[in-house]
Amino acid sequence: MSVNRIIGEKVKGLRETKNLSVEEVAERSGLSEIQILRIERNEELPSLAPLIRIARVLGVRLGTFLDDQQELGPVICRGKSISEESGIRFSNNAGTEHRNMSYHALSQDKSGRHMEPFLIDVRPHEEADFVLSTHEGEEFIFVLEGVVEINYGKDTHVLEEGDSIYYDSIVAHHVHAGNGRPARILGIVYTPY
């Protein structure tokens, strides 16, 4: 079963467990009913921001949608386990491109966590029409390979291998590959719940 399919089933299951209708989740999250249904039906996930909003409405961590087990001790993620198939593909709100970021969860089995660390493969795309994202919380990005451009508010920051940035997610932002080449980043997302 694909990870995207698991996410859709968990969103729907949690919504139903809390006796919330699609309409109620849409109203409380600020998302459209169509977006909620697309996520529940396991169609392409638009970006992390809608999942963060849904998690907030449901009173769960973002990672709840990725959790498979509940480990109380340390969780080790072996590099060998990270592959194209193990990732979750999101768009980063770049025009019509819907598969330009693959997120590989690095702590999905850790219960009670407050951070969501991901290894993220960022693919280049030709469109420069970016829709900036906002959500509660903070993000940390460390560039492992390539060049990444980050629009943050009115500024654009170019990060190269070894560079990092830490910012408040409530400020409109967008992360994309620079130079027209793929990049790989370590991203850590904190969202209060």
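For the single chain, residues carry numbers from 1 onward in sequence order.
The side chain to side chain contact (heavy atoms under 4.5 Å, CB included) with Val148 is formed by just one residue from the set Asp163, Ile120, Ile185; it is Ile185. In summary, of the residues considered (Ile52, Val57, Leu58), a side chain to side chain contact (heavy atoms under 4.5 Å, CB included) with Ile54 occurs for Leu58 alone.
Under the side chain to side chain contact (heavy atoms under 4.5 Å, CB included) criterion, Glu145 pairs with Arg184, sequence neighbours left out. Applying the side chain to side chain contact (heavy atoms under 4.5 Å, CB included) test to Val158 and every residue at least two apart in sequence or in another chain returns Val147, Glu149. Every side-chain hydrogen bond (donor to acceptor under 3.5 Å, both in side chains) that Asn151 has, sequence neighbours left out, goes to Thr156. By the side-chain hydrogen bond (donor to acceptor under 3.5 Å, both in side chains) test, Ser29 is found to be paired with no residue, residues two or more places apart in sequence or in another chain being considered. Checked against side-chain hydrogen bond (donor to acceptor under 3.5 Å, both in side chains), Glu138 has the following partners two or more places apart in sequence or in another chain: Tyr166. With sequence neighbours left out, the side chain to side chain contact (heavy atoms under 4.5 Å, CB included) criterion links Glu27 to no other residue. For Tyr152, the ring-ring contact (aromatic ring centres under 6.0 Å, His included) partners are Tyr167, not counting sequence neighbours. Applying the salt bridge (charged side-chain N to carboxylate O under 4.0 Å, His left out) criterion to Glu136, with sequence neighbours excluded, gives Arg56.
If you take NE2 on His135 and OG1 on Thr191, they are separated by 8.0 Å, rounding to the nearest 0.5 Å. One distance of note links OG of Ser32 with CZ of Arg38; it measures 9.0 Å at 0.5 Å rounding.
The two residues Ile39 and Pro50 make their nearest non-hydrogen contact at CD1-CB, 4.3 Å. Annotation for Thr134 and Ala172: closest pair CG2-CA, 3.3 Å, computed over non-hydrogen atoms. The two residues Gly8 and Asn42 come nearest to each other via the heavy atoms CA-OD1, 3.1 Å. Residue Gly153 comes nearest to Leu132 through the heavy atom pair O-CD2, 4.0 Å, listed as atom of the first residue, atom of the second, then distance.
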Check the pair Leu51, Val11 against side-chain contact (heavy atoms from CB on, under 4.5 Å), reporting the backbone distance first and the verdict last.
-> CA-CA 9 Å; Leu51 279 181; Val11 168; 4.2 Å; yes

Would you sort out whether His157 and His173 count as a ring-ring contact (aromatic ring centres under 6.0 Å, His included), showing the intermediate values?
-> CA-CA 11 Å; His157 304 280; His173 60 281; over 10 Å; no

Starting from the C-alpha separation in whole Å, work towards a yes-or-no answer on side-chain contact (heavy atoms from CB on, under 4.5 Å) for Leu31 and Arg53.
-> CA-CA 8 Å; Leu31 302 172; Arg53 290 179 183 177; 3.6 Å; yes

Output, in order, the C-alpha distance, side-chain angles, deciding distance and verdict of side-chain contact (heavy atoms from CB on, under 4.5 Å) for Ile141 and Leu186.
-> CA-CA 6 Å; Ile141 292 175; Leu186 170 66; over 6 Å; no

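Residue pairs meeting the salt bridge (Lys or Arg N to Asp or Glu O under 4.0 Å) criterion with at least one member in residues 14-24, sequence neighbours excluded: Arg15-Glu40.
The closest side-chain heavy-atom distance from Glu139 to Ile188 is not below 4.5 Å. Side chains of Leu144 and Glu161 form no contact here, defined as non-hydrogen atoms less than 4.5 Å apart. Side-chain contact between Leu37 and Val22 is present, with heavy atoms from C-beta onward closer than 4.5 Å.
Between Phe142 and Phe140, the ring-plane angle classifies as parallel under the 30° and 60° cut-offs.
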